[in-house]
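Notes to accompany the following structure.
Proteins come first, then strands; the chains are lettered A, B, ... in the order of their sequence lines, and each starts at number 1. All figures in this text were calculated on a predicted structure; none of them were measured in a lab.
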There are 2 protein chains.
Amino acid sequence: MTVVTGRAERAELEGGARRLILDHAARLLRSNGYHQTSLREIAEAVGIRKASLYYHFRSKEEIVEAVVNDGVRLVHDAVLAALGAAGKATARERLKAAIAAHLAALHGHSDYTCASIKVFSFGENPTPESVRSIRRAYDDLWRALIDELASAGVLTPGIAPEHLRLFLLGAMNGSVDWYREGRFDIAQLAGELATLVATKDMIRTS
Amino acid sequence: MTVVTGRAERAELEGGARRLILDHAARLLRSNGYHQTSLREIAEAVGIRKASLYYHFRSKEEIVEAVVNDGVRLVHDAVLAALGAAGKATARERLKAAIAAHLAALHGHSDYTCASIKVFSFGENPTPESVRSIRRAYDDLWRALIDELASAGVLTPGIAPEHLRLFLLGAMNGSVDWYREGRFDIAQLAGELATLVATKDMIRTS
DNA sequence: GCTAGCCTACCGATCGGCAGGTAGGCAACA
DNA sequence: TGTTGCCTACCTGCCGATCGGTAGGCTAGC
């Protein structure tokens, strides 16, 4: 049992300064990218001085890393939840649900997810290990899903599964450059992408 | 209005300093992005001092703009040439040729094309009109090609042509993040993408 | 002598980060 | 209860580095 550190934990649980900083950082990173987002901007948005950020984080990289990782995790969790909810549907409908969840997470409420795409390859040479690790886990989720589709026999034949995954993620993540709220319908986009990827022969799994 | 352009034109024709600067700028922009490419780096690569760049260009933005526009133009011309060469093939093979040309231009010899993708949305708020104009022309090329495919009846039904174009360009341009020479075959990737986009009534001969 | 093409030297702005100070709350103890 | 001391969470103020850009001088070739 922790006895003395109650304060920091309380701040964290209350959605305290740390979360507040990350919220503003995510918003700024999303719209301005890594190098055009300064610690002074973040601090000003939060309402504190720049140096105070160093009480909560060790460096700018640590802030960005936290935002990016949270972003990927949010998408990951959203897609996992969607797949769970669509557990008994056809493989193709599970694909559509996953795509829709990915797109919704990208363009929905969260600045984190959008920032994580935009900032993913920092300017830095070595991408932090934590980022690569979390990203890899999300890649594996899609590998598993595509394997599932392949097993169900609904994939367009003659396409390497790994290539298909790269194409699909590219098409989805590219939407950050053109998607605008109200001008596109995520469910429709997801259905169209699923139609492209999977055959139109529906094979019921239940 | 037409002032001292004779000098620049001559240098251009001679393949002189201006082209040399753009070559190095393109290479650096490709690997480091906009904000991490400094005029000092470019000048050092060329072998001159930073201030000397200002004899050939008015600003950093002008350099980047030239690189980006050249990049888009190169892809545009490559795809146009490929479509010309494949004039009499089936619509689906023309699509494959266009995709292959786009990918080859992205990952082939030219740093310009890759830089144009990576840097396209500068940090700047207003993307220069020349960039948007050239980019729009390239978009129109793909709109026309997809219209052609639609007329030929080879498109997967139920997908808005504009969505299809955005997906396709996203999948292709996303390859800058994962494509590595020798680990992927552009012709194969192009064939797979064409298979995804167009109807599957053609059986691949492996 | 003119000028193209480059140079040195400098500018103000801004970057991430560090040193060190301080207000105020909480806890322990006399 | 009053005092003391620690800790959190912020602050002011500064640092060296680097940014894009400017001013003005030098030199070689026509």
* Structure fact -> Note: B:V68 and B:S116 closest approach over all heavy atoms is O-CB, 3.5 Å
* Between A:E129 and A:R136, does at least one N-O distance fall below 4.0 Å, as a salt bridge requires? -> yes
* Structure fact -> In whole angstroms, the gap separating C1' of C:dC15 from OH of A:Y34 amounts to 11 Å
* In whole angstrom, what separates B:L39's CG from D:dA17's P? -> 20 Å
* Asked: Are B:H56 and C:dC6 close enough that a side-chain N or O sits under 4.0 Å from OP1 or OP2?
  -> yes
* To do: Taking atom CD of A:E62 as the centre, report whether more than 12 heavy atoms of other residues, nucleotides or ligands fall under 6.0 Å from it.
  => yes
* **Nearest-Å distance for atom pair NE2/P, residues B:H35 and C:dA13** => 20 Å
* Asked: Taking atom P of D:dG20 as reference, at what distance in whole Å does atom CZ of B:F57 sit?
  -> 15 Å
* **Comparing A:Y55 and A:G47 on DNA chain D - which has the more 5′ nearest nucleotide** => A:Y55
* Whole angstrom is fine here: how far is it from CG in A:L53 over to C1' in C:dC18? => 14 Å
* Provide, to the nearest angstrom, the distance between the CD1 atom belonging to A:I42 and the P atom belonging to D:dC10. => 15 Å
* Asked: What is the distance from CD of A:E62 to P of C:dC18, rounded to the nearest Å?
  -> 12 Å
* **Short side-chain N/O contact to D:dC19 OP1/OP2 from B:S38, under 4.0 Å** => yes
* To do: Give a yes/no on whether any side-chain N or O of B:S52 is located under 4.0 angstrom from OP1 or OP2 of C:dG5.
  => no
* From the list C:dG16, D:dC11, D:dG20, which nucleotide is the closest neighbour of the side chain of A:R49? -> D:dC11
* Asked: What nucleotide among D:dG13, C:dT8, C:dG16 has an atom nearest to a side-chain atom of A:Y54?
  -> C:dG16
* Integer-rounded Å distance: C:dC6 P and B:E44 CD -> 16 Å
* Asked: ring pair (Phe, Tyr, Trp, His ring centres under 6.0 Å) with A:H76: which residues, sequence neighbours excluded?
  -> A:Y138
* Got a sec, which pairs hit side chain to side chain donor-acceptor pair (under 3.5 Å) with one end in residues 158-171 of chain B, sequence neighbours left out? -> A:E192-B:H163, B:D139-B:R165, B:R143-B:E162, B:E162-B:R165
* Structure fact -> Comparing nearest nucleotides in DNA chain C, the 5'-proximal residue of the pair A:E41, A:A51 is A:E41
* Whichever of B:I48 and A:K60 has its nearest DNA chain C nucleotide further upstream toward 5' -> B:I48
* To do: Compare side-chain N and O positions of A:R40 against OP1 and OP2 of C:dT14 and report whether any pair is under 4.0 Å apart.
  => no
